[in-house]
Amino acid sequence: MCEVKLFDIHFSYNTNVAIDNISLTISQGDFVAVVGPNGAGKSTMLKIIAGLIKPTRGQVQIGGKDIFTAKGHGLIGYVPQNYGKNVQGFPATVKEVVALGLTLGAAAAKKKAANHITNHMMELVGVENLRDRRIGELSGGQQQRVMVAMALAANPQLLLLDEPTSGIDYEASARIYELLGTLNKNLGITIVMVSHDIEKAVSWANKVACINRKLCFFGSSKEFDGTHAQSRHLWYYTGQ
Amino acid sequence: MEFFQYDFIQRALLAGLITGIVCPLIGSFVVVRRQSLIGDGLGHIAFAGVTGGYMVGLYPVVGALILTIAGAVGIELVRRRHIAFADMGLAIFFYAGAAMAIIFSTMTRMPSTGLLSFLFGSIITVSLTDVITIAGAGTLVLLIVYFLFDKLMLMSLDEDIANVAGINTGMINMLFSILTALVVVVGMTIVGILLVSALMIVPVATAHLLRVGFKATMGWAVIFSMLSVFIGLTSSFYLDIAPGGTIVMTAILFYIIMTIIRQCIAFKERLKEQISSSFGDE
Ligand SMILES: Nc1ncnc2c1ncn2[C@@H]1O[C@H](COP(=O)(O)OP(=O)(O)OP(=O)(O)O)[C@@H](O)[C@H]1O
Ligand SMILES: [Mg+2]
């Protein structure tokens, strides 16, 4: 029930065109890696899918409904690239933040179950030893993991992640990819993830969307992987 | 104690303790939303409301309430437009409030004793109507914060995430701004317009030093705030000083003491580390 459809999406910040005529369909259960150079419009596209910004033209549908009516109900989880500046110094403990994710979910869990889920999520992303530390006093990578855990706690059907592994060490980012892969395979959660770590992202995803204002490539990751390095490079940087 | 026997003291204590609870509750969110000066801005608008109300013959709290809520709506609307310079918009409201207050008070020749009790707070002028208004507004604030707690907390952390989760962030931001206005008017009677904002910020700052979680920080802030109100009102009575000064100075003393304690703990830990590392070397 979570097919994501983009119809002729166009978006510009004032006169600066960030997204130019992108149409694509993400099927239920897909794991899409969104790649492209800095300033290509990846974050913008994710925000459009999340219903945070309204495209200048075109429409996003989630499960056949317009995003602005489908939003909420804990359907979509979103991990932004630059989460609020407010996170610096924020006094909530890691546990409090992850538990907050639960309240966003479709069905608010019972207190005992809530504790269990919160603990489980903290273990999954490897922050259980930081549980009583305050999020504002953690390193950037640690904060990032907590944000991922919070999004997961809501048990979303569609997970949108904007560079969730940027600034995260090798070990932990491998764990996050593995976790996303498991969630995708076992629970059928649709995942759209922006990443600059192309090799890793493509190896875990089943589809790749290469964006540079326009959609340069959208297809299976095998096809993307199999493409001659030269043309991949061209897609990536010039969109030709 | 003779202190508690006076009716006006009982009224002042009741109003003060309610103020002591709601100020840091709202303040906890205000601080993490990086809006620490909003109380000052609204306070000056409240002052304009009091003096303007006096001019047209309104009960001062009502005058303050009307203008402060209007100001809160305005501040929120401006914040939405200029998210990058949100505090600039706030500053303009702040000055507008002060300017209007000066104009109204000089036009009406409002007696300066009345003006001073609004600016500095007062314990003798708290009427029963004031107490009832404060209790009503305080209950409303408590209820709304209770029911919106998770949403407010998430929005303070990251508004985009809240928005994607389907939370109507625009509406809740507006409601929060209005609640802040209510708290300013509630606190105005006892603490005074000049310093009501301090009671929203200082106890929260003290509680932050304890390095506990979000809810615990809030709880401690309420405790520090209520203690400050109680000690401040008592000393205000015995020393015959306006309560705004004594309450806020007490709150600041708590902050200073807590800072010193923190420093001592940090120093002790460093010392311990040094000792153990120098033993380790041998
Ligand atoms: N708030 C904004 N106002 C104006 N222009 C913006 C804004 N945000 C992004 N842009 C512009 O839109 C374009 C796309 O930005 P976007 O953040 O989507 O890129 P991105 O692909 O996510 O890049 P990165 O890899 O650096 O995260 C860029 O040219 C950028 O300058
Ligand atoms: Mg980006």
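All values derive from a computational prediction rather than experimental measurement. Below, chain A is the first sequence line, B the second, and so on; all start at residue 1.
- Few gaps surround CZ on A/Phe68; more than 12 heavy atoms of other groups in view lie less than 6.0 Å from it.
- Of the atoms belonging to A/Leu52, it is side-chain heavy atoms, and not backbone ones, that fall under 4.5 Å from chain B.
- Side-chain atoms of A/Glu96 come within 3.5 Å of backbone atoms of B/Phe214 as a donor-acceptor pair (strictly under, hydrogens ignored).
- What you find for B/Val32 and A/Pro91 is that their closest heavy atoms are CG1-CD, 3.4 Å.
- A distance of 11.0 Å separates CD1 in A/Ile53 from CG in B/Asn163, rounded to the nearest 0.5 Å.
- Rounding to the nearest 0.5 angstrom, the gap separating the CZ atom in A/Phe90 from the CE atom in B/Met153 is 5.5 Å.
- Among the residues in residues 128-141 of chain A, those with a non-hydrogen atom closer than 4.5 angstrom to a non-hydrogen atom of chain B are A/Arg134, A/Glu137.
- Annotation: side chain of B/Asp158 is not in contact with side chain of A/Val87 (no heavy-atom distance under 4.5 Å).
- Around CH2 of A/Trp204, the count of heavy atoms belonging to other residues, nucleotides or ligands within 6.0 Å exceeds 12.
- Neither the backbone nor the side chain of B/Lys151 comes within less than 4.5 Å of any heavy atom in chain A.
- Proximity to chain A is limited to the side chain of B/Thr217, based on heavy atoms less than 4.5 angstrom apart.
- To the nearest 0.5 Å, atoms CG (A/Asn86) and CZ (B/Arg33) are separated by 8.5 Å.
- Contacts of B/Val212 with chain A are made by backbone atoms alone, with heavy-atom separations under 4.5 Å and no side-chain atom involved.
- Between chain A and the options B/Ala216, B/Gly166, B/Gly213, the largest number of non-hydrogen pairs under 4.5 Å is found for B/Gly213.
- Here the side chains of A/Met147 and B/Ile161 are in contact, with some heavy-atom distance below 4.5 Å.
- The CZ atom of B/Arg211 sits 14.5 Å away from the OG1 atom of A/Thr93 when rounded to the nearest 0.5 Å.
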